[in-house]
Amino acid sequence: MERETPPNGAETVGTVVAWYDANARDLPWRRPGTSAWAVLVSEFMLQQTPVERVREPWARWLERWPTPADLAATPSGEAVRAWGRLGYPRRALRLHGAAVAITERFGGEVPADLDDLRSLPGVGSYTAAAVASFAFGRRAVVLDTNVRRVLVRLHAGEAYPGATPTRAETAVAEAYLPDEPALAARWAVASMELGAVVCTARRPRCDACPVADRCAWRHAGHPAWDGPPRRGQTYEGTDRQCRGALLAVLRSSDEPVDDAELTRAWPDAVQRERALGSLVHDGLVVPARAAGMLTDERRWALPGGPGAGVAGP
DNA sequence: AACACGTGGCT
DNA sequence: TAGCCAAGTGT
């Protein structure tokens with residue numbers, strides 16, 4: 001395999017790290033003393049959700065569940081409820097599952113090992129590397145959308161990275177990563193920050209970029225993206241929107257809700273039934289029966305809440 | 001490998 | 001305005 005040696009790699013790392021030291025945002029999960037659990041929670045919440053929308057829910061979550069064992073001892077439905085409108089509620093379920101796994105298999109301590117982290121539900125290659133690096137100071141290739149964009153511009157001279165990381169891309173990222181763990185961790189967070197606030201997808205602020213002088217994309221005159229069209233995420237009228245509407249009703253109610261309430265939230269019967277079925281399949285919703293009710297009308301609830309589960313008479 | 005999966009802000 | 005985008009993961 002061809003060796004991907006970045007030109008002035010060590011110098012680039014030093015420059016970006018110095019820029020980070022002077023310009024880093026004050027994000028609560030970056031403060032000294034933040035537990036690995038708190039870092040893990042932040043990473044779950046930040047999956048596809050902007051930083052500014054995560055600050056408050058993150059603080060409230062950690063107040064309520066300061067350790068994995070605290071969350072593991074709570075019904076998963078409460079995690080889904082507390083997730084609120086962060087989006088992709090399956091993340092809440094997986095975070096709960098991760099807390100259970102950490103409690104049962106790792107003595108209640110968030111593991112530092114990459115493979116152990118990867119074994120947790122909802123933890124993929126990015127999140128595992130992020131926790132190993134940010135929480136434990138390990139040397140890990142942290143390749144999120146920000147870092148991918150920075151590297152593809154800086155190193156390959158292209159506007160955007162492809163749909164999924166290629167082998168070559170990972171090799172480039174590995175080549176930039178310093179040997180020394182502490183410096184590797186600083187580079188990881190610094191290169192992410194650069195992508196988040198300077199080398200942005202929409203309007204990159206090249207005038208504020210510490211490595212603009214060696215950016216291949218800039219030297220090439222900022223060529224536009226010429227790859228295959230990036231498929232947009234449609235939403236209006238999709239099952240996702242329907243699921244969101246149904247789940248919002250369930251989150252807002254302490255009691256199981258009936259079909260009439262769900263129909264009010266989403267009138268189309270075919271799509272509503274399909275979405276409801278998928279929510280049940282995902283474990284986000286469970287069939288329920290209100291206490292004392294003799295009706296055979298269906299009722300629904302978040303998992304583990306009052307009346308949740310199909311209780312016998 | 002392509003697709004499903006929430007929600008909201010920005011241009 | 002209608003897209004586009006946001007610290008991805010699982011199938």
Side-chain angles (χ1 to χ4, degrees), chain A residues 20 24-25 27-30 38-58 80 83-95 97-98 117-135 140-150 159-167 173 185 188-197 199-204 224-225 228-251 265-266 271 274-275 277-279 281-285:
Chain A
Y20 178 79
R25 290 170 294 176
L27 303 182
W29 43 86
R30 285 179 180 165
V39 171
L40 181 67
V41 171
S42 79
E43 292 303 337
F44 266 85
M45 291 184 168
L46 288 163
Q47 290 170 5
Q48 300 283 281
T49 300
V51 163
E52 290 310 319
R53 286 181 50 205
V54 165
R55 290 181 187 264
E56 287 306 312
W58 178 82
V80 174
W83 198 254
R85 306 191 63 80
L86 276 176
Y88 290 148
R90 292 191 295 192
R91 290 182 293 163
L93 222 43
R94 290 176 181 148
L95 178 52
L117 284 163
R118 281 292 323 256
S119 77
L120 302 173
V123 177
S125 58
Y126 161 74
T127 301
V131 172
S133 184
F134 304 157
V141 178
V142 178
L143 206 52
D144 80 321
T145 188
N146 290 304
V147 178
R148 293 186 63 213
R149 190 172 53 248
V150 167
Y160 297 108
T164 52
T166 63
R167 196 180 218 88
V189 70
S191 55
M192 261 178 74
E193 185 79 347
L194 188 65
V197 306
C199 193
T200 54
R202 288 291 185 75
R203 307 216 306 190
W225 171 248
R230 308 143 73 68
R231 47 176 207 288
Q233 326 170 2
T234 56
Y235 184 63
E236 199 65 27
T238 60
D239 284 9
R240 272 154 76 193
Q241 185 185 28
C242 180
R243 285 165 54 108
L246 299 181
L247 210 52
V249 173
L250 293 177
R251 277 197 311 263
W266 198 271
Q271 191 171 33
R274 185 172 64 233
S278 74
L279 286 168
H281 177 266
D282 289 350
L284 284 162
V285 173

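Every chain is numbered from 1 and lettered A, B, ... according to where its sequence line falls, protein lines coming before strand lines. What you see below is based on every heavy atom in this structure, not just the backbone, and it leaves out hydrogens, waters and symmetry mates. Fair warning: this is a prediction, and the values are worked out from it, not measured in the lab.
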Asks: Nearest whole angstrom, please: distance from the C1' of B:dT7 to the OH of A:Tyr235.
Replies: 6 Å

Asks: Using the C1' atoms only, state how far C:dC4 lies from B:dG6, rounded to an integer number of Å.
Replies: 16 Å

Asks: Over all strands shown, is A:Arg148 touching base, sugar-phosphate only, or nothing at heavy-atom distances under 4.0 angstrom?
Replies: nothing

Asks: Any base atoms under 4.0 Å from A:Thr127, or only sugar-phosphate, or nothing? Heavy atoms, all strands.
Replies: sugar-phosphate

Asks: Kindly say whether A:Arg90 contributes a backbone atom to a donor-acceptor pair with the side chain of A:Trp83 at under 3.5 angstrom?
Replies: no

Asks: Measure from the side-chain N and O atoms of A:Arg149 to the backbone N and O of A:Cys199, and report whether any donor-acceptor pair falls under 3.5 Å.
Replies: yes

Asks: If each of A:Gly122 and A:Arg25 is mapped to the nucleotide of DNA chain C with the nearest heavy atom, which maps nearer the 5' terminus, i.e. the 5' end?
Replies: A:Arg25

Asks: A:Arg25: what forms a side-chain hydrogen bond (donor to acceptor under 3.5 Å, both in side chains) with it, not counting sequence neighbours?
Replies: A:Glu193

Asks: Under 4.0 Å between a side-chain N/O of A:Tyr88 and OP1 or OP2 of B:dT7, yes or no?
Replies: no

Asks: Looking at residues at least two apart in the chain, or sitting in another chain, which of them share a ring-ring contact (aromatic ring centres under 6.0 Å, His included) with A:Trp266?
Replies: none

Asks: Taking any atom closer than 4.0 angstrom to a non-hydrogen atom of chain A, what span of DNA chain C does the protein reach, first nucleotide to last?
Replies: C:dG3 to C:dG10

Asks: Search all heavy atoms of A:Ala173 against all heavy atoms of A:Leu143 and return the closest pair with its distance.
Replies: CB-CD1, 3.8 Å

Asks: Does A:Gly124 reach a base, just sugar-phosphate, or nothing at all? Heavy atoms under 4.0 Å.
Replies: sugar-phosphate

Asks: Do any N or O atoms of the protein come closer than 3.5 Å to N or O atoms of nucleotides 9-11 of chain B, and which pairs are they?
Replies:
none

Asks: Backbone N or O of A:Ala24 within a donor-acceptor pair of the A:Arg30 side chain at under 3.5 Å?
Replies: no

Asks: Using a 3.5 Å distance criterion without hydrogens, assess whether the side chain of A:Ser191 forms a donor-acceptor pair with backbone atoms of A:Val147.
Replies: no

Asks: Heavy atom of residues 42-51 of chain A under 4.0 Å from DNA chain B: which residues?
Replies: A:Gln48, A:Thr49

Asks: Let me see the working for A:Val51 and A:Trp29 under side-chain contact (heavy atoms from CB on, under 4.5 Å), right down to the final yes or no.
Replies: CA-CA 11 Å; A:Val51 163; A:Trp29 43 86; 4.1 Å; yes

Asks: How close do A:Ala265 and A:Val249 get, counting heavy atoms only, and between which atoms?
Replies: CB-CG2, 3.5 Å

Asks: To the nearest angstrom, how far is A:Gln241 atom CD from B:dA4 atom P?
Replies: 15 Å

Asks: List the steps and the verdict of side-chain contact (heavy atoms from CB on, under 4.5 Å) for A:Arg148 and A:Tyr160.
Replies: CA-CA 8 Å; A:Arg148 293 186 63 213; A:Tyr160 297 108; over 6 Å; no

Asks: Donor-acceptor pairs under 3.5 Å, side chain of residues 118-128 of chain A to any protein atom, not counting sequence neighbours: which ones?
Replies:
residue: A:Arg118; atom: NE; partner: A:Val123; partner atom: O; Å: 3.4
residue: A:Ser119; atom: OG; partner: A:Arg105; partner atom: NH2; Å: 2.6
residue: A:Ser119; atom: OG; partner: A:Asp116; partner atom: O; Å: 2.6
residue: A:Tyr126; atom: OH; partner: A:Glu43; partner atom: OE1; Å: 2.8
residue: A:Thr127; atom: OG1; partner: A:Gln47; partner atom: NE2; Å: 3.0

Asks: Could you check whether A:Arg240 gets within reach of a base, just the sugar-phosphate, or nothing at all, counting any heavy atom under 4.0 Å?
Replies: base

Asks: Starting at CZ of A:Arg167 and ending at C1' of B:dA1, how long is that distance when rounded to a whole Å?
Replies: 16 Å

Asks: Short question: side chain of A:Arg251, backbone of A:Arg85 - any donor-acceptor pair under 3.5 Å?
Replies: no

Asks: Hey, does A:Leu27 reach any base, or is it just sugar-phosphate, or nothing, if we go heavy atoms under 4.0 Å?
Replies: base

Asks: Kindly say whether A:Ala275 contributes a backbone atom to a donor-acceptor pair with the side chain of A:Arg243 at under 3.5 angstrom?
Replies: no

Asks: Taking any heavy-atom pair under 4.0 Å as a contact, classify A:Ser125: base, sugar-phosphate, or nothing.
Replies: sugar-phosphate

Asks: Distance between the P atoms of C:dA7 and B:dC10, in whole angstroms?
Replies: 14 Å

Asks: Taking any heavy-atom pair under 4.0 Å as a contact, classify A:Trp83: base, sugar-phosphate, or nothing.
Replies: nothing

Asks: Closest nucleotide of DNA chain B for A:Ala163 versus for A:Leu279: which of these residues is on the 5' side?
Replies: A:Ala163

Asks: So what does A:Thr145 hit on the nucleic acid, given a heavy-atom distance under 4.0 Å: a base, only sugar-phosphate, or nothing?
Replies: sugar-phosphate

Asks: Just checking A:Ala201: base, sugar-phosphate only, or nothing, at a heavy-atom cut-off of under 4.0 Å?
Replies: sugar-phosphate

Asks: Starting at the 5' end of DNA chain C and moving along, which residue's nearest nucleotide shows up first, A:Glu193 or A:Arg118?
Replies: A:Glu193

Asks: Students often get this wrong, so: under 4.0 angstrom with heavy atoms, is A:Leu247 touching a base, only sugar-phosphate, or nothing?
Replies: nothing

